[in-house]
Amino acid sequence: MQMPTPIRAPTWVSRRRHFEQKLWDLDKCRDINQLKQMQAIVYKSNLQQDPFIAPKLITAFSLCRQMGSALKVFSQVPYPNVHLYNALIRAHIHNFNSSQAFATFVDMQCAGIFPDNFTFSFLLKGCSGKCWLSVVSMIHAHVVKWGFEDDIYVPNSLIDAYSKCGIVGVRTAGQLFRGMKERDVVSWNSMISALLKVGDLSEARKLFDEMPQRDRVSWNTMLDGYTKAGEMIVAFELFKKMPLRDVVSWSTMVSGYCKVGDLEMARMLFDKMPSKNLVSWTIMVSGYAEKGLVKEAIGLYMRMEEAGLKLDVAAIVSILAACAESGMLSLGKRVHDSVERSTYKFSTLVCNALIDMYAKCGCLHKAYNVFNGLKKRDLVSWNAMIHGLAMHGRGKKALELFFRMKQEGFVPDKVTLVGILCACNHTGLVDEGIIYFYSMEKDYGVIPEIEHYGCLIDLLGRGGYIKEAFDLARKMPLEPNIKIWGSLLGACRMHKAVELADDVLNLLVKLEPANAGKLSALSNIYAVAGDWNNVANIRLMMKSIGRPKQSGASLLALNDEYHEFTVMDKSHVKSDKIYHMIDGLSQHLKLLRPVPVGFCDE
DNA sequence: CTAGGGTTAG
């Protein structure tokens, strides 16, 4: 039997349906040209005030970064309703303009439009990533006032927003959570994640065990909590217990083992993963790179490329950060090559990572090339370049750049000032450093933090103002950390100040009793000064701690091969020649300049 | 017939 020919709808019907569908999905449109076409159709059909179409247009424009057009659409509706206001609030938040979102919220109330539960969810989303406890509390008050505290979405958003406001916020979130009439899995997960953010593993675990049902996010969140804390044994137990393990679970474990330095275990899990994605590969490659395992890192990176995976911004940035950390220039260059072949070479984020990587690897000219070629520099770009120059003794150049960035209208932040102090420090500009430090709050509104104090103390110590450095460390409003004592110790050694080193010893033992490395540095100071009694004391102390000092090693990369050196290392076959060379070099340096800092600034 | 929640891995 012959099948009847299907009746085809006339083309105009299908075209109309086509447009209807398009209008329906208007808010999902992410292509600006298509969007403009659609807008023309909307205007032609006189639908620009349609209560269903107008919000969609606003959303679409905001997603295409066209806030001007979005605002225009809004202004053409004579009496906007809640939906339209909500759409505009969300549009501002999509464009990272929370203050405009709040302004819209105020406008809306002035216009006599009541907010609804959506309004608050959107506003709270605008607080995420920020630490705005007072703002969140204010929204919370409005939520109570308008009676939305029992709408499950709103308190869930509140928990999330509070959880980003430090320990106080998390406590408030906890109160809110306990007071909720009903909680869903999102409420529990948000609360667990909040507790983990402030490092309260045990409380998080309590909730995790208590919650009525757990989904994969619950398990993965808890797993991540343990891996971030380096608790790999507990993490592994949880991992085994999980009813279902997805890519995230596996990747979390791989990442955790990488972080604790167990690359073998990490690789074993990586190989066993049922499925891998870009993130998993990135974790493993970065893990190798961060630990300086060149062959493994590059080998895996190449396999990743062969597997046809295309790096995204996050992958590039993580791998480059790992390269910067270990000084793995070879892999960093490969990543740069692949960046050059992609559109990411215009990305400020990616270029900043490249600048940092090259600077940390000592390739200042390459860092500078990237910096110069950058179309849109942001504060991070300047900071990375300034810091890079500063670290390598090019303090004058760093300061020059600092003046240029101010000229171009950038406002220095705390990171910039660390770079500036570092520049002064590594160039022997003691007076300048002191001046910058004591005027940074007045000039740039940056209140000195521990890093800034650390720079200044190091600067004073190196400059021979040991007494002043100690006084500052004792009098500063922050608790000195191990790095600060370490730098004071270095200063004592450099200037043979034995009596002050005694003070450091007492404090150091209190702060970090097991840090045998610092103890041995101290014993060296006594040794230099010929105080053999104290040398013996410290050796005894180190013995009682029972952890021999792990000697610090220097790494030198030559043609993708790493050479490791330790103090007095004689293991190299040509070590005699090497030491001969070093002796010659230091003789030469002594003749050049007696000061140990500031030797290579142009 | 509109829209919303958690971000859990790099």
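Just so we're on the same page: letters track the sequence lines, and every chain starts at 1.
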Q) Which of the following nucleotides, dA9(B), dG4(B), dG6(B), is nearest to the side chain of Y153(A)? A) dG4(B)

(Q) Nearest to the F52(A) side chain among dG4(B), dC1(B), dA9(B), which nucleotide is it? (A) dC1(B)

Q: Report yes if a donor N or O on one partner sits less than 3.5 Å from an acceptor N or O on the other, where the partners are the side chain of D151(A) and the base of dG4(B); otherwise report no.
A: yes

**Q.** T221(A), nearest nucleotide to its side chain (from dT7(B), dT8(B), dG10(B))
**A.** dT8(B)

Q.
What is the distance, to the nearest angstrom, from the CE atom on M222(A) to the C1' atom on dG6(B)?
A. 16 Å

Q: Have a look at S187(A) and say if it touches a base, only the backbone sugar-phosphate, or nothing, with a 4.0 Å heavy-atom cut-off.
A: nothing

Q) Within less than 4.0 Å of OP1 or OP2 of dC1(B), is there a side-chain N or O belonging to K56(A)? A) no

**Q.** Rounded distance in Å - NZ (K228(A)) to P (dT7(B))
**A.** 12 Å

Q) Across the strands shown, which category fits D27(A) at heavy-atom distances under 4.0 angstrom: base, sugar-phosphate, nothing? A) nothing

Q) Taking atom types as they are modelled, is there a donor-acceptor pair under 3.5 Å from the base of dA9(B) to the side chain of D246(A)? A) no

**Q.** Separation of dT7(B) C1' from W219(A) CH2 (nearest whole Å)
**A.** 19 Å

Q: Starting at atom CZ of R183(A), determine the distance to atom P of dG6(B), rounded to an integer number of angstrom.
A: 19 Å

Q.
Closest approach to the side chain of L278(A), judged atom by atom: which nucleotide of dA9(B), dT7(B), dG10(B) is it?
A. dG10(B)

Q: When you get a sec, tell me which of dG10(B), dG4(B), dG6(B) is the closest nucleotide to the side chain of A315(A)?
A: dG10(B)

Q) OP1, OP2 of dA9(B) versus side-chain N and O of S249(A): anything below 4.0 Å? A) no

Q. Could one point to a donor on the side chain of T252(A) or the base of dA9(B) with an acceptor on the other under 3.5 Å away?
A. no

Q: Would you kindly check whether a donor in the side chain of D312(A) faces an acceptor in the base of dG10(B), or vice versa, at under 3.5 angstrom?
A: yes

Q) Taking CH2 from W188(A) and P from dT7(B), how many angstroms apart are they, rounded to a whole number? A) 16 Å

(Q) Is the distance from the ring center of Y85(A) to that of F105(A) below 6.0 Å? (A) no

Q.
I need the single residue from M357(A), K360(A), R334(A), K333(A) that forms a side-chain contact (heavy atoms from CB on, under 4.5 Å) with C323(A). Which is it?
A. M357(A)

(Q) Using OP1 and OP2 only, check whether a side-chain N or O of K259(A) sits under 4.0 Å from dG10(B). (A) yes

Q. Just checking N156(A): base, sugar-phosphate only, or nothing, at a heavy-atom cut-off of under 4.0 Å?
A. base

Q) Base, sugar-phosphate alone, or nothing: which one does F120(A) contact when heavy atoms must sit under 4.0 Å apart? A) nothing

Q: To the nearest Å, give me how far apart CE (M211(A)) and C1' (dT8(B)) are.
A: 12 Å

Q | Pairs involving residues 185-195 of chain A, ordered by first then second residue, that meet side-chain hydrogen bond (donor to acceptor under 3.5 Å, both in side chains) (sequence neighbours left out) | A | N156(A)-S187(A), D184(A)-S187(A), N189(A)-D215(A), N189(A)-S218(A)

Q. Is any side-chain N or O of K276(A) closer than 4.0 Å to OP1 or OP2 of dA9(B)?
A. no

Q. Hey, is the main chain of A91(A) close enough, under 3.5 Å, to the side chain of N95(A) for a donor-acceptor pair?
A. yes

Q: Mind calculating the distance between CG (L223(A)) and P (dT7(B)) to the nearest angstrom?
A: 16 Å

Q. Any idea which of dT8(B), dG6(B), dT7(B) is nearest the K164(A) side chain?
A. dT7(B)

Q | Nucleotide nearest S121(A) (side chain, heavy atoms from C-beta), chosen from dG10(B), dG4(B), dA9(B) | A | dG4(B)

(Q) When you measure from the side chain of R245(A) to the backbone of K240(A), do you find a donor-acceptor pair of N or O atoms at a distance under 3.5 Å? (A) yes

Q.
Just the rounded figure in Å: distance from P of dG10(B) to CD1 of I319(A).
A. 13 Å

Q.
Tell me if the aromatic rings of H92(A) and F102(A) count as close, with their centers under 6.0 Å from one another.
A. no

Q) So, is R90(A) near the phosphate of dG4(B), with a side-chain N or O under 4.0 Å from OP1 or OP2? A) yes

Q) Taking the side chain of N220(A) as heavy atoms from C-beta outward, which of dG6(B), dA9(B), dT8(B) is closest to it? A) dT8(B)

Q | Side-chain-base donor-acceptor pair under 3.5 Å for D215(A) and dG6(B) | A | yes

Q | Closest to the D224(A) side chain, choosing from dG6(B), dA9(B), dG4(B) | A | dA9(B)

Q: Please determine if D337(A) and R341(A) form a salt bridge, counting it only when a charged side-chain N lies under 4.0 Å from a carboxylate O.
A: no

